[in-house]
Protein chains: 2
Amino acid sequence: MHKYEQVVRGIKQGIDSGEYPAGDLLPPAQKLCERYDVSKITIKRALDQMELEGLITRRKGSGAYVKTPVPAQKGLDKEVSADMLGFYAQQTELGKTVRTDVVDFDVASPPKSVAQSLTMENDEFAYYICRVRIADGTPWTIEYTYMPIKLFPDLRRHDAEVSLFSYINERTDYTIASSHRTIRAVKPTPEECRLLDVADDEPLLEIEQIVYFDDGRPFQYTRQRHAHGAEFVSVGLK
Amino acid sequence: MHKYEQVVRGIKQGIDSGEYPAGDLLPPAQKLCERYDVSKITIKRALDQMELEGLITRRKGSGAYVKTPVPAQKGLDKEVSADMLGFYAQQTELGKTVRTDVVDFDVASPPKSVAQSLTMENDEFAYYICRVRIADGTPWTIEYTYMPIKLFPDLRRHDAEVSLFSYINERTDYTIASSHRTIRAVKPTPEECRLLDVADDEPLLEIEQIVYFDDGRPFQYTRQRHAHGAEFVSVGLK
DNA sequence: AAGTGGTCTAGACCACTTC
DNA sequence: AAGTGGTCTAGACCACTTC
């Protein structure tokens, strides 16, 4: 654990315990340096992270203010996290029982736009996987995924039944690093109505996503469609 | 302009010009230090920002890779930006002709959940503003906004017709700093179908947003509903 | 005028990748 | 073993806020 992470933890505790109430200034950097026995830049590094997480804001010659917290998310169980967790990790973290139905597991030529997103040649093949994600008995999400076979020569249907992210983390040397997402509202197709058990006028939240390794290569194109009022949360800065 | 901003600009030019092709490593920090005549930490600061923007990824003992770019956003004009611009600034930036219809401009008691989000007392009043945003003749978005009158004693209908963000930036001493957003897919109400000129089965992208000053106080609650396939883009890290 | 955070430096130390 | 980026330090300098 790095020093700045310890500082983040300490200050978060201070906020939770009421030592630093919402709307108040945190102690000046100099005091925090003494308290945690670290240098000024380490304090800055810690506050940078807390600002990214939406917990504090900073004012130039003034200090760091504790933000008034967003009222408890009503549908926390419905939330689609903004960070890089797979569905499986996300839901089990919430204590849900998770099941995945693999509707399709094929090898195919991806659509041109997908091939382009994954920088694949014209005649290259990709796995095409369609899955329905079920948490606590309710189908929440349908997911259409393409992954180049070149990168994963030994992917099996079984891996898609558990978690593709676990497969990559545990069975390959690749490291998942980042993603680019586009989010929109869509109407379900008739087949989706059936698979997700929703009315044909229930809007779905679509998340189209390209996922990258830590060497900058895209390795996965995914289109998820979330039902039942799923929400995506995001902190905007500057 | 800070040094790290100049470095960001220089490296971005290198990517655009093809000097640093997608998939390649950037030069090691030491080389970049020499080239831009700055210290290692300033290079790190610049690369931090480029990583947040989704342009590069980094691998521990290895270096910073140029990411394969996301294929040109098809609907850039439809995009709902992830940073803190008002509708007006966002659309005029794209060269659009923008109009705003103020459907409602009232003072009212906000709903309890809104009052709570804005940390208002029970008996406090807020402006309630309903606006329809029209770009190039097409109604894109309907927006429901609450702002405590306490913070803006002199807000007028005219300010809502132009831009509330401009009003705050130019006519008050407050500084807009950050926002917390929740995004979901919704069905339009009959009135929204009429005002946005959409069919009753066209799904809308709803963005519920609380906007904060740089002292951490929330000052605005907004619910926007975007029609015509509006998209929200976001970069996910780690 | 005093207090504050942001930027920037040179350099130490470490963990990881690469060969 | 050599090269790489990440963390951390003490301290300089500046711009902004506060009084």
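Labels below follow one simple rule: chain letters A, B, ... track the order of the sequence lines, proteins then strands, and each chain is numbered from 1.
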Original post:
Taking the side chain of A/K44 as heavy atoms from C-beta outward, which of D/dG6, C/dT9, C/dG6 is closest to it?
Top reply: C/dG6

**OP:** For A/D215 and D/dG5, give me the distance from atom CG to atom P, rounded to whole Å.
**Re:** 15 Å

Subject >> Value in whole Å for how far the P atom of C/dG3 lies from CG of A/L25 >> reply: 16 Å

Original post:
Taking atom P of D/dT4 as reference, at what distance in whole Å does atom CG of B/L26 sit?
Top reply: 13 Å

**OP:** Summarise protein proximity over nucleotides 12-19 of chain C in one line of letters, 5' to 3': B for base, S for sugar-phosphate only, - for none, counting protein heavy atoms closer than 4.0 Å.
**Re:** B---BSS-

Original post:
Quick one: side-chain contact (heavy atoms from CB on, under 4.5 Å) partners of A/Q30, sequence neighbours excluded?
Top reply: A/E34

**OP:** Please identify each residue that fulfils ring pair (Phe, Tyr, Trp, His ring centres under 6.0 Å) with A/Y65, with sequence neighbours left out.
**Re:** none

Original post:
Rounding to a whole Å, what distance do you find between A/R45:CZ and C/dG6:P?
Top reply: 14 Å

Original post:
B/E5: what forms a side-chain contact (heavy atoms from CB on, under 4.5 Å) with it, not counting sequence neighbours?
Top reply: B/M1, B/H2

Subject >> With B/F213 via ring pair (Phe, Tyr, Trp, His ring centres under 6.0 Å) - residues at least two apart >> reply: B/Y174, B/F219

Original post:
Side chain of A/P28: nearest nucleotide among C/dT4, C/dT9, D/dT7?
Top reply: C/dT4

Subject >> Listed partners of A/P148 passing side-chain contact (heavy atoms from CB on, under 4.5 Å), at least two apart >> reply: A/L118, A/M120, A/E124, A/L151

Subject >> Closest to side chain of B/Q30, choosing from D/dC8, D/dT4, C/dG5 >> reply: D/dT4

Original post:
Which range-with-range stems can be found for DNA chain D when each stem has 3 or more Watson-Crick or G-U pairs in a row and both distances sit under 3.5 Å?
Top reply: C:1-18 with D:1-18

Original post:
Could you state the CZ-C1' distance from B/R58 to D/dG6, rounded to the nearest angstrom?
Top reply: 9 Å

Original post:
Can you check side chain to side chain donor-acceptor pair (under 3.5 Å) on A/Q220 and A/T222, steps first, answer last?
Top reply: CA-CA 6 Å; A/Q220 185 190 68; A/T222 302; 3.1 Å; yes

**OP:** Can you figure out which of C/dA10, C/dG6, D/dT9 approaches the side chain of B/S39 most closely?
**Re:** C/dA10

**OP:** Quickly work out the B/L47 CG to D/dT4 P distance and round it to whole Å.
**Re:** 14 Å

Subject >> A/L32 CG to C/dG6 P, straight-line distance once rounded to whole Å >> reply: 12 Å

Subject >> Rounded interatomic separation in angstrom, taking CD from B/Q49 and C1' from C/dC8 >> reply: 16 Å

**OP:** State which residues pass ring pair (Phe, Tyr, Trp, His ring centres under 6.0 Å) with A/Y127; sequence neighbours excluded, sorted by chain then number.
**Re:** A/F105

Subject >> A/R45: side chain to side chain donor-acceptor pair (under 3.5 Å) partners, not counting sequence neighbours >> reply: A/Y4

Original post:
Heavy-atom distance under 4.5 Å between the side chains of B/L26 and B/I56, does that happen here?
Top reply: yes

Original post:
Who pairs with B/E53 by side-chain contact (heavy atoms from CB on, under 4.5 Å), at least two apart in sequence or on another chain?
Top reply: B/K12, B/Q49, B/L55

Original post:
Checking salt bridge (Lys or Arg N to Asp or Glu O under 4.0 Å) against B/D154, which of B/R157, B/R156, B/K150 comes through?
Top reply: B/R156

**OP:** Any pair with a residue in residues 164-173 of chain B that passes salt bridge (charged side-chain N to carboxylate O under 4.0 Å, His left out), sequence neighbours left out, goes on the list, sorted by first then second residue, please.
**Re:** B/D159-B/R171

Subject >> Neighbours of DNA chain C within residues 1-15 of chain A, by heavy-atom distance under 4.0 Å >> reply: none

